[in-house]
Amino acid sequence: QVQLVESGGGSVQAGGSLRLSCAAHGMPLSSYLMGWFRQAPGKDREFVAGIRRSGEITDYSDSVKGRFTISRDNVKNTVYLQMNNLKPEDTAVYYCAASTLIWITKNSVDYGYWGQGTQVTVSS
């Protein structure tokens, strides 16, 4: 059974850091483009970061560029999102997702597999 499982969420104060992990089960992560998305209450799900299959190319939303880093370990079948200098506006449920496309896409409909999400709360 194909499954993506996120972990690492929690509550931090502004300026703090968190590292999210996304472990893949039943699927070889190396075959997929991976992305992180987030959804705040009352808002649409938005793209945060993406990474190509071999990890050599990444892309970020303007709101997190310079603060967040996406990486992957295809041996461990895990994708990570290192989040530094967190702000209250980063508060959301964070989802990892897998796509069969080659190039990084920011459109959520291009991702066929999704995790259950992990809550990140940043207080001021």
Side-chain angles (χ1 to χ4, degrees):
Q1 182 181 359
V2 174
Q3 195 175 15
L4 297 174
V5 180
E6 301 100 334
S7 61
S11 298
V12 296
Q13 290 189 325
S17 298
L18 283 174
R19 188 195 196 201
L20 304 184
S21 298
C22 171
H25 302 278
M27 57 189 290
L29 211 58
S30 57
S31 298
Y32 295 88
L33 164 71
M34 296 300 296
W36 284 97
F37 289 76
R38 67 186 181 187
Q39 188 166 20
K43 295 188 177 181
D44 293 334
R45 189 169 298 189
E46 65 171 351
F47 173 84
V48 175
I51 187 167
R52 287 192 63 186
R53 297 179 186 188
S54 62
E56 80 282 6
I57 294 178
T58 59
D59 196 10
Y60 300 89
S61 67
D62 289 342
S63 61
V64 307
K65 199 170 294 183
R67 299 187 297 121
F68 290 13
T69 302
I70 186 172
S71 61
R72 65 192 299 161
D73 186 332
N74 288 339
V75 174
K76 293 183 178 179
N77 231 28
T78 302
V79 176
Y80 305 96
L81 185 68
Q82 177 67 43
M83 306 186 295
N84 298 328
N85 191 21
L86 283 160
K87 303 176 180 180
E89 51 264 42
D90 294 319
T91 295
V93 177
Y94 283 71
Y95 300 89
C96 71
S99 171
T100 57
L101 297 182
I102 301 297
W103 296 100
I104 295 173
T105 171
K106 299 181 180 182
N107 194 339
S108 61
V109 300
D110 292 327
Y111 293 80
Y113 299 99
W114 291 83
Q116 82 289 351
T118 185
Q119 176 71 45
V120 171
T121 303
V122 185
S123 58
S124 57

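Among all heavy-atom pairs drawn from Q39 and K43, the shortest one is NE2-O, 3.1 Å. Between A92 and A40, the closest heavy-atom pair is CB-N, 3.8 Å. For the residue pair M34 and V79, the shortest heavy atom distance occurs at CG-CG2, 3.5 Å. Listed here is the closest heavy atom pair of N85 and R67: O-NH1, 3.0 Å. Of all heavy-atom pairs spanning Y60 and K106, the tightest one is O-NZ, 4.0 Å. Closest approach of V2 and M27 over heavy atoms only: CG1-SD, 3.1 Å.
Screening F37, Y95, W36 for a ring-ring contact (aromatic ring centres under 6.0 Å, His included) with Y111, the sole residue that qualifies is F37. With R38 as the partner, the side-chain contact (heavy atoms from CB on, under 4.5 Å) test is satisfied by one option alone out of V48, L81, T118: V48.
In this structure a side-chain-to-backbone donor-acceptor pair under 3.5 Å is present from N77 to A24. At distances below 3.5 Å, not a single donor-acceptor pair connects side-chain atoms of N74 with backbone N or O atoms of P28. In this structure, R53 contributes its side chain and T100 its backbone to a donor-acceptor pair below 3.5 Å. Side-chain atoms of Y32 do not come within 3.5 Å of backbone N or O of A97 as any donor-acceptor pair.
Within 6.0 Å of the CG atom in D44, the count of heavy atoms belonging to other residues, nucleotides or ligands does not exceed 12. Within 6.0 Å of atom NZ in K65, more than 12 heavy atoms from other residues, nucleotides or ligands are found, so the atom counts as buried in its surroundings.
Using the six-membered ring where Trp is involved, Y94 and F68 have ring planes that are tilted, between 30° and 60° apart.
In terms of hydrophobic clustering, with Ile, Leu, Val, Met, Phe, Trp and Tyr side chains grouped at heavy-atom distances under 4.5 Å, I70 and L18 are assigned to a common cluster. Cluster annotation: V93 is not connected to L86 through the hydrophobic network of ILVMFWY side chains, with a link wherever side-chain heavy atoms come within less than 4.5 Å.
With a 4.5 Å cut-off on side-chain heavy atoms, T91 and Q119 count as touching.
Taking SG of C96 as the start and CZ of R72 as the end, the distance is 11.0 Å to the nearest 0.5 Å. Here S63 contributes atom OG and D90 contributes atom CG; the two are 7.0 Å apart, rounded to the nearest 0.5 Å. Within the model, atoms CG of L29 and SG of C22 stand 7.0 Å from one another, a figure rounded to the nearest 0.5 Å. Going from atom CD1 of I102 over to atom CD1 of I57 covers 11.0 Å, rounded to the nearest 0.5 Å. Atoms CD and CH2, from E6 and W114 in turn, are 9.5 Å apart once rounded to the nearest 0.5 Å. Remark: R52 CZ to L101 CG distance equals 11.0 Å, nearest 0.5 Å.
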Side chain to side chain contact (heavy atoms under 4.5 Å, CB included) evaluation trace for M83 with V64: CA-CA 9 Å; M83 306 186 295; V64 307; over 6 Å; no
Residues V120, L20; criterion side chain to side chain contact (heavy atoms under 4.5 Å, CB included); working and verdict: CA-CA 9 Å; V120 171; L20 304 184; 4.1 Å; yes
